[in-house]
Amino acid sequence: MTTETIQPSVHEAMARFRSSLLRRSSAVAWMVLIIIGAQAVREEVFRRSEFLIPIVGLAVLLVGSAVTRWERLMNSKLAPWISTAWLAAVTIGVASLAAIPELTATAEPILFGIAAVSGLLLTWWAHAFMTVAIGAAIAFIAFSLGEAEAIPDILVPLLTVMVVAATTALVGFEFEKEAIVSAGKEKKLETQRLDFERLYAVSATLARAESLAEIVPELVGTICKYLDAQVGVVLLHDADMARLEVMSPIWVNGNTLDTDPITVEINAPSVVAQTYRAAKPIYVRRVDRDSDSHVLLKELGLSQALIAPLKVEASRVGVIVIGDPREGEFIEDQLEKLGSLAAPAGLVLNQIGRYEAQAETTKRLEEVAKMKSDFVSTVSHELRSPLTSIIGSLDTVNRPELAPPEPTSQQLLISARRQAGRLQRLIEDLLVVSRIDRGAIPIHTESIQLKPLIDEVVRVVSIEPSITIEPDDLGVEADRDHLSRILINLVENAAKYAPGSPVELFAWERNSRGFIAVVDHGPGIPVDQRDRVFERFTQVDQSDTRSRGGTGLGLSIVKSLSEVMGGSVRIEATEGGGATFVVELPLTSSMPTNA
Ligand code: ADP
């Protein structure tokens with residue numbers, strides 16, 4: 001803090017003091033005039049011009065004083081000169097009267113009084129000294145040259161007056177100096193108190209922090225208020241992407257503002273990236289519209305900015321940017337303050353970031369644990385129901401007392417066989433999943449004619465979909481078992497999730513790729529779930545699918561197997577409602593290509 005900002009308050013106090021002194025001196029001066037006037041009447045000198053001229057001059061001066069607004073004048077730059085002039089005039093007037101021998105005895109003590117007052121009034125003591133000197137000189141020249149014997153009579157009191165004035169001025173000057181120093185100390189203490197108060201506000205904000213989304217705007221807002229800045233932004237380091245990301249919302253003029261994602265590459269020439277790299281605060285006094293390094297500052301509409309790294313010991317967390325669209329608002333010392341605030345802020349942001357990452361992992365682990373436990377209960381259920389059905393059928397056929405007629409026995413055995421097949425497929429699904437996990441899935445690709453393979457699949461699932469293969473002899477490069485498993489899964493799902501509506505199978509080729517689509521007209525799969533259903537154990541609507549059975553493994557196997565064979569699978573919506581699963585595979589090398 002410089003004394004320039006402190007002095008005005010001391011000067012104001014001095015100005016008040018001086019103007020009141022002037023007003024009072026004027027009042028006293030009237031009394032003085034009356035006393036001298038009375039003396040003049042008694043001594044019969046009041047008709048003489050050496051009396052009349054100064055006394056009239058003094059009267060005019062005092063009338064002027066009475067109507068002058070001293071306080072305003074004493075606050076102006078001209079104060080020393082006005083005071084000097086006033087005192088000079090009064091001194092000359094009274095000194096002139098003191099030069100009249102009949103009045104010397106009355107005027108002389110008054111002159112001493114004026115000298116004392118002038119010292120207090122003019123703590124610009126050089127002025128005070130000058131005033132009295134000038135007054136003395138003029139009085140000496142004007143009234144005494146003609147009467148040589150009066151010179152020592154005037155000179156001695158005038159010299160005394162000068163000494164008195166200079167001494168009081170010196171005392172006043174010291175007093176003012178002391179006042180300025182103590183006002184400076186007071187102001188400094190006040191600034192420190194405010195600093196502590198604001199620092200406390202920042203620490204309180206940090207202490208309340210629970211999540212990054214909550215803390216960042218609040219922290220930036222508090223720091224902006226503290227540094228009297230209009231815009232504040234935090235950028236956090238994204239280690240995976242080697243860049244700094246602006247945390248939304250940002251702080252703008254007392255409000256939080258959501259922004260689109262803004263990023264700054266760590267190695268960019270940007271002054272923000274530089275601050276991060278150098279781990280040192282930077283003050284951008286003037287944002288250069290044409291500079292590559294000021295792009296972000298320009299985007300934020302800033303004319304100047306303070307940028308500080310957020311760090312935890314040696315490691316860096318990000319950067320804080322505090323800026324202002326106005327020019328010349330900051331002073332260097334605010335950069336120091338921002339630097340000292342950035343240290344605890346970096347620590348807290350880092351801790352919350354870590355805490356959030358940990359919470360995310362814990363949540364994910366909990367989800368996996370729940371998925372696994374759901375899976376165990378689903379699989380147990382899926383194993384038990386076909387087993388119960390098989391045992392029931394076999395028991396019935398096996399009990400002579402029930403002796404079911406031949407066709408019924410036949411039906412029961414067929415049903416038992418189907419349920420056994422279901423069981424076998426489930427167990428195989430589990431085996432495939434475990435092989436996929438171990439990366440030990442065997443693969444024997446060969447040229448496969450789609451028509452016979454699809455006919456075989458249809459027989460296994462005992463569903464009769466409509467089949468369109470174009471061209472008839474379309475073939476793909478694939479592993480026979482894996483492709484059968486894929487198609488069985490998709491067709492069974494179509495029958496399961498779209499019961500009562502027709503299932504259609506299409507196969508075609510384009511750009512050297514073979515495509516097989518399994519189309520149903522059921523509820524379909526919402527767009528936002530289309531990627532998720534290929535994840536293991538994922539079922540779109542738990543309660544609904546549970547009633548239809550299933551483990552949530554089928555589509556994950558379809559995806560993994562398609563990919564190991566160099567293909568892919570995707571979901572589209574069926575026109576008019578329903579799901580269409582499209583499997584894409586390399587076309588068999590013997591097939592002619594048809595672009
Ligand atoms: P599940 O054993 O549950 O059938 P899948 O992995 O085969 O497991 O399927 C995952 C989820 O995708 C199912 O639970 C179901 O919600 C949804 N789904 C699969 N196929 C269809 C379809 N054809 N129509 C609607 N939803 C489907």
Side-chain angles (χ1 to χ4, degrees), residues 367-368 370-386 418-419 421-437 441 454 457-458 460-461 463-467 482-506 515-564 568-583:
E367 272 172 19
V368 170
K370 183 174 179 309
M371 268 179 171
K372 286 201 167 150
S373 104
D374 284 356
F375 172 69
V376 169
S377 80
T378 310
V379 168
S380 325
H381 177 264
E382 288 293 296
L383 286 172
R384 206 174 43 211
S385 37
R418 190 170 299 139
Q419 295 299 341
R422 201 175 132 195
L423 267 183
Q424 190 185 21
R425 280 200 298 282
L426 176 59
I427 290 164
E428 275 170 9
D429 272 358
L430 294 172
L431 274 175
V432 169
V433 166
S434 109
R435 282 196 189 129
I436 290 172
D437 277 354
I441 190 92
I454 289 176
V457 165
V458 167
V460 173
V461 293
I463 293 165
E464 284 178 12
S466 73
I467 301 167
H482 295 344
L483 184 54
S484 299
R485 188 177 301 284
I486 289 172
L487 295 180
I488 290 171
N489 256 311
L490 293 179
V491 174
E492 276 191 340
N493 272 355
K496 187 159 74 175
Y497 296 110
S501 63
V503 178
E504 295 153 282
L505 264 163
F506 295 92
F515 296 86
I516 308 164
V518 180
V519 181
D520 68 47
H521 300 273
I525 297 179
V527 179
D528 60 331
Q529 300 279 328
R530 285 184 192 161
D531 284 332
R532 274 198 65 226
V533 288
F534 289 110
E535 284 170 24
R536 221 171 263 184
F537 312 130
T538 306
Q539 298 187 310
V540 174
D541 176 357
Q542 193 80 6
S543 56
D544 188 41
T545 41
R546 189 50 79 74
S547 66
R548 310 227 176 120
T551 53
L553 285 178
L555 289 182
S556 78
I557 292 175
V558 167
K559 183 170 175 352
S560 301
L561 292 182
S562 305
E563 284 169 1
V564 290
S568 63
V569 58
R570 64 173 188 271
I571 303 175
E572 291 172 5
T574 308
E575 240 183 74
T580 296
F581 286 82
V582 183
V583 178

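Keep in mind the model is a prediction, meaning the values are calculated, not measured. Note that ligands are numbered from 1 as they come in the structure, with each ligand's atoms numbered from 1 the same way.
For the ligand labelled ligand 1, residue G578 lies outside the 4.0 Å heavy-atom shell. Ligand 1 is never approached by F534 to a heavy-atom distance shorter than 4.0 Å. Q529 does not count as a contact of ligand 1, since none of its heavy atoms falls under 4.0 Å from the ligand. Under a 4.0 Å heavy-atom criterion, D520 is in contact with ligand 1.
Polar contact check, G554 against ligand 1: a nitrogen or oxygen pair lies under 3.5 Å apart. Of the polar atoms of L555, at least one N or O is found under 3.5 Å from an N or O of ligand 1, judged by distance alone. Annotation: G552 places an N or O atom under 3.5 Å from an N or O atom of ligand 1; distance criterion only. The N/O atoms of S556, backbone and side chain alike, include none that comes under 3.5 Å of an N/O atom in ligand 1. Checking only distances, Y497 does come within under 3.5 Å of ligand 1, N or O to N or O.
Distances below 4.0 Å separate heavy atoms of G524 from the following atoms of ligand 1: 25 (C). Listed by atom number, the atoms of ligand 1 under 4.0 Å from F581 heavy atoms are 20 (N), 23 (N). In the vicinity of V533, heavy-atom distances shorter than 4.0 Å reach the ligand 1 atoms 12 (O).
For the pair F506 and T580, the minimum side-chain heavy-atom distance is 4.5 Å or more. When side chains are defined from C-beta on, L553 does not count as touching V432, because their heavy atoms never get closer than 4.5 Å. Contact of the L555 side chain with the N489 side chain is not registered, since no non-hydrogen atoms from C-beta on lie closer than 4.5 Å.
In D437, the CG atom is crowded: over 12 heavy atoms of neighbouring residues, nucleotides or ligands sit closer than 6.0 Å.
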Quick one: side chains of residues 515-530, donor-acceptor pairs under 3.5 Å with protein atoms, not counting sequence neighbours, listed by atom name and distance.
residue	atom	partner	partner atom	Å
D520	OD1	G522	N	3.1
D520	OD1	A579	N	2.9
H521	NE2	E504	OE1	2.5
Q529	OE1	R532	NH1	3.1
R530	NE	I525	O	3.0
R530	NH2	I525	O	3.3

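Exactly one residue among Q419, R425, R418 makes a side chain to side chain contact (heavy atoms under 4.5 Å, CB included) with P386. That residue is Q419.
Ion pairing between E535 and K559 fails under the 4.0 Å rule for side-chain N and carboxylate O.
Here the straight-line distance linking atom OG of S560 with atom CZ of R435 works out to 14.0 Å at 0.5 Å rounding.
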